[in-house]
Amino acid sequence: MGSSLRLAVAFLTIVPVRLRGEAPPLGAAAAWFPAVGALVGALSAAVGYLARPILGPGVAAILAVTVLVVITGALHQDGLADCADGLGARGDRRRRLATMRDPAIGTFGALALLLWLLLLVTALARFDREAALRALVTAVAAGRWAAVVHAGLASPARRDGLGAEFTVGGAAITLATASVATVAVLVVGVVGALIALVAATTVAVLVTAWSRASLGGRTGDTLGATVALGEVAVVVALLGFANP
């Protein structure tokens, strides 16, 4: 348990965690993804919470998202940009996969990042102070759970890379689901938790459908994109619930 938790922290954040002995397979850390996400979300949301009375909701939301991106090393935003570029690439699966491996960000990738940022910041700024904190904690946890679900639904598109390495079993998915459900219920209540999980599940299913049809399965980029899209989908869904 200890080694898999440390692996989850090391993979999902820039926190310098030292792994003892031989590191377990990355899929072994999947059960901890929502819990680590909740901690990352709590730290990011706390920055926004403290800044809001002084700087206002807009700047506070930007600061919270900035902390989120910095703590995670922009790992998931990179995946989102690469998937957007792959979506815009013309050609077969090999062409799309090659485009996604190109380190340069194209027009589609830049637009995807801009839209992600605008949606997340604008939605967070619309909540009141405490609700924004709760929404971000829930969204960051649920986004990482969505990636676990995506990994369980799609086979790897390549024999190498993160998509092939991140193989999750039924036990890990069950534990991750129990974890994210517990976090969500405690933070936003039963109804809010259902809304968050439906939003995250929808993202996981849609990304899985696209990755299967366009790429032949999951990659590290589709996992990252699932996290980023899951975060914004949950925040927007919770905002819609809060403002019927």
Side-chain angles (χ1 to χ4, degrees), residues 12-13 30 32-49 57 60-62 64-69 71-72 74-77 79-80 83 112-113 115-153 173 176-210 222-244:
L12 293 174
T13 73
W32 290 102
F33 274 30
V36 174
L39 293 175
V40 171
L43 180 57
S44 305
V47 171
Y49 183 86
I62 292 173
V65 175
T66 299
V67 172
L68 172 62
V69 173
I71 292 176
T72 58
L75 177 66
H76 314 302
Q77 289 71 36
L80 175 62
C83 283
L113 290 177
L115 291 173
W116 177 85
L117 179 61
L118 287 174
L119 275 172
L120 190 55
V121 168
T122 303
L124 285 173
R126 291 285 305 278
F127 287 101
D128 64 37
R129 189 183 180 198
E130 292 186 359
L133 186 150
R134 293 194 296 268
L136 191 56
V137 172
T138 304
V140 178
R144 280 139 191 81
W145 172 73
V148 175
V149 174
H150 169 53
L153 293 176
I173 295 175
T177 301
S179 176
V180 73
T182 300
V183 168
V185 169
L186 291 175
V187 175
V188 294
V190 175
V191 176
L194 288 174
I195 291 171
L197 293 183
V198 168
T201 301
T202 300
V203 168
V205 170
L206 290 176
V207 174
T208 297
W210 174 77
T222 64
L223 291 167
T226 302
V227 172
L229 292 173
E231 290 169 343
V232 75
V234 170
V235 170
V236 170
L238 289 174
L239 179 63
F241 167 69
N243 298 281

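Among I62, L239, V235, V236, the one residue that satisfies the side chain to side chain contact (heavy atoms under 4.5 Å, CB included) test with L124 is V235.
Side-chain contact between V40 and L12 is absent, with no heavy atoms from C-beta onward closer than 4.5 Å. Between V149 and T201 the shortest side-chain heavy-atom distance does not fall below 4.5 Å. For the pair H150 and T222, the minimum side-chain heavy-atom distance is below 4.5 Å. A heavy-atom distance below 4.5 Å is found between the side chains of L238 and F127. You'll find the side chain of I71 reaches within 4.5 Å of the side chain of S44, heavy atoms only. The shortest side-chain heavy-atom distance between Q77 and T72 falls under the 4.5 Å cut-off.
Scanning both residues, L136 and A64, for their nearest heavy atoms gives CD2-CB, 4.0 Å. Looking at every heavy atom in both residues, V227 comes nearest to A147 through CG2-CB, 3.6 Å. In plain terms, the two heavy atoms of P34 and W145 that are nearest each other are CG-CB, 4.0 Å. Annotation for L120 and V232: closest pair N-CG2, 3.8 Å, computed over non-hydrogen atoms. Looking at every heavy atom in both residues, T138 comes nearest to A196 through CG2-CB, 3.7 Å. Across A38 and A141, no two heavy atoms sit closer than the pair N-CB, 3.9 Å.
Atom-to-atom distance recorded for L197:CG and T202:OG1 is 10.5 Å, nearest 0.5 angstrom. Interatomic distance, S179 OG to W32 CH2, rounded to the nearest 0.5 Å: 8.0 Å. One finds the CD atom of E231 at 12.5 Å from the CG atom of L119 (value rounded to the nearest 0.5 Å). Interatomic distance, NE2 of H76 versus OG1 of T226, reported as 10.5 Å (0.5 Å rounding).
R126 places no side-chain N or O within 3.5 Å of a backbone atom of T122 that could act as its donor or acceptor partner.
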